[in-house]
Amino acid sequence: MESLQKSVQTVIESGRIGSPVFLRCVCQIATRTSLLQPAAAVMTLANGWMPAEPERIYAQGDADATQITLTVQYAGGQSAMLSVNRTQVSPECDVMLIGNKGVIYHETPIGRHSMSATPLEIGDAAELTPLIAQVLESGQPTLL
């Protein structure tokens with residue numbers, strides 16, 4: 001995840017896509033534990049790329065089942081659709097970040113060339129884990 005974060009951040013800082021306005025990120029992970037921590041890590045990643053603070057979050061799914069999907073709205077009008085799915089195969093992450101001047105796409109591993117790609121490692125984002133659990137339980141959008 002760290003290499004993905006750095007790669008996308010480099011593109012944002014270069015100005016090639018302008019200011020980020022929408023992010024779609026789908027991560028498939030092979031884990032038997034709760035999906036809360038990986039969902040929190042993906043949200044932390046998204047929050048780092050957006051030029052405004054998160055304002056509202058909505059979550060669906062079940063942390064102990066197969067999927068958690070988060071919709072995050074940011075104070076500047078940006079939004080993110082984030083999904084973490086449990087899989088039996090190798091982990092991967094598909095990212096589409098739309099800016100006001102362009103788009104960046106990233107897929108890890110990279111199709112048939114995945115043998116040379118860096119494996120996806122989910123980082124730690126413990127501060128967001130309780131928030132996501134609360135939003136999942138409430139089933140309602142939550143202001144941050």
Side-chain angles (χ1 to χ4, degrees), residues 1-111 113-114 116-138 141-144:
M1 250 330 183
E2 186 177 327
S3 64
L4 172 62
Q5 187 278 331
K6 288 179 182 177
S7 174
V8 173
Q9 190 64 42
T10 299
V11 172
I12 292 169
E13 290 172 0
S14 75
R16 289 188 297 183
I17 66 165
S19 182
V21 294
F22 177 76
L23 171 66
R24 185 207 67 216
C25 181
V26 179
C27 290
Q28 296 186 19
I29 61 168
T31 183
R32 296 185 192 273
T33 61
S34 172
L35 294 174
L36 286 174
Q37 194 277 328
V42 171
M43 185 174 165
T44 298
L45 195 65
N47 292 348
W49 292 335
M50 290 297 175
E53 294 296 315
E55 186 173 65
R56 182 184 307 252
I57 179 175
Y58 183 69
Q60 288 185 311
D62 184 342
D64 297 318
T66 59
Q67 179 179 3
I68 293 179
T69 299
L70 306 173
T71 301
V72 184
Q73 296 174 329
Y74 294 86
Q78 304 85 356
S79 59
M81 178 67 73
L82 314 170
S83 182
V84 177
N85 309 294
R86 192 181 314 275
T87 184
Q88 299 287 329
V89 296
S90 64
E92 61 183 60
C93 198
D94 179 31
V95 173
M96 177 183 69
L97 180 62
I98 300 173
N100 60 359
K101 294 182 182 176
V103 179
I104 182 172
Y105 298 95
H106 181 87
E107 184 180 355
T108 307
I110 305 159
H113 303 293
S114 62
S116 62
T118 304
L120 178 66
E121 293 180 16
I122 302 292
D124 183 33
E127 68 278 356
L128 290 175
T129 303
L131 170 67
I132 293 171
Q134 174 191 348
V135 176
L136 276 170
E137 186 177 314
S138 75
T142 302
L143 289 172
L144 303 178

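Atom set for the values below is all heavy atoms of this structure, side chains included, hydrogens, waters and symmetry mates excluded.
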Exercise. With sequence neighbours excluded, what pairs up with Arg16 under the salt bridge (charged side-chain N to carboxylate O under 4.0 Å, His left out) test?
Worked result: none
For the residue pair [X] and [Y], what are the closest heavy atoms and their distance?
| X | Y | answer |
| --- | --- | --- |
| Ser14 | Val11 | OG-O, 2.7 Å |
| Pro38 | Ile29 | CG-CD1, 3.3 Å |
| Asn100 | Ser19 | OD1-N, 2.8 Å |
| Leu4 | Trp49 | O-CZ2, 3.9 Å |
| Ala52 | Gln78 | CB-OE1, 3.5 Å |
| Gly61 | Leu136 | O-CD2, 3.6 Å |

Quick one: pull up [atom1] in [X] and [atom2] in [Y] and give me the separation to the nearest 0.5 Å.
| X | Y | atom1 | atom2 | result |
| --- | --- | --- | --- | --- |
| Ile98 | Ser79 | CD1 | OG | 9.0 Å |
| Met43 | Cys25 | CE | SG | 13.0 Å |
| Ile68 | Ser34 | CD1 | OG | 6.0 Å |
| Leu82 | Leu23 | CG | CG | 5.5 Å |
| Ile17 | Ile104 | CD1 | CD1 | 6.0 Å |

For this session: Not counting sequence neighbours, which residues clear side-chain hydrogen bond (donor to acceptor under 3.5 Å, both in side chains) with Gln9? List them please.
Result: Glu13
Any salt bridge (Lys or Arg N to Asp or Glu O under 4.0 Å) pairs touching [range], not counting sequence neighbours?
| range | value |
| --- | --- |
| residues 18-47 | Arg24-Asp94 |
| residues 53-78 | none |
| residues 68-87 | none |

Would you indicate whether the side-chain heavy atoms of [Y] and [X] approach each other to under 4.5 Å?
| X | Y | result |
| --- | --- | --- |
| Val135 | Leu70 | no |
| Gln73 | Tyr58 | no |
| Ile12 | Leu97 | yes |
| Met81 | Thr71 | yes |
| Ile57 | Ile132 | yes |
| Asn47 | Leu128 | yes |

Exercise. Looking at residues at least two apart in the chain, or sitting in another chain, which of them share a side chain to side chain contact (heavy atoms under 4.5 Å, CB included) with Gln67?
Worked result: Thr69, Ser83, Asn85
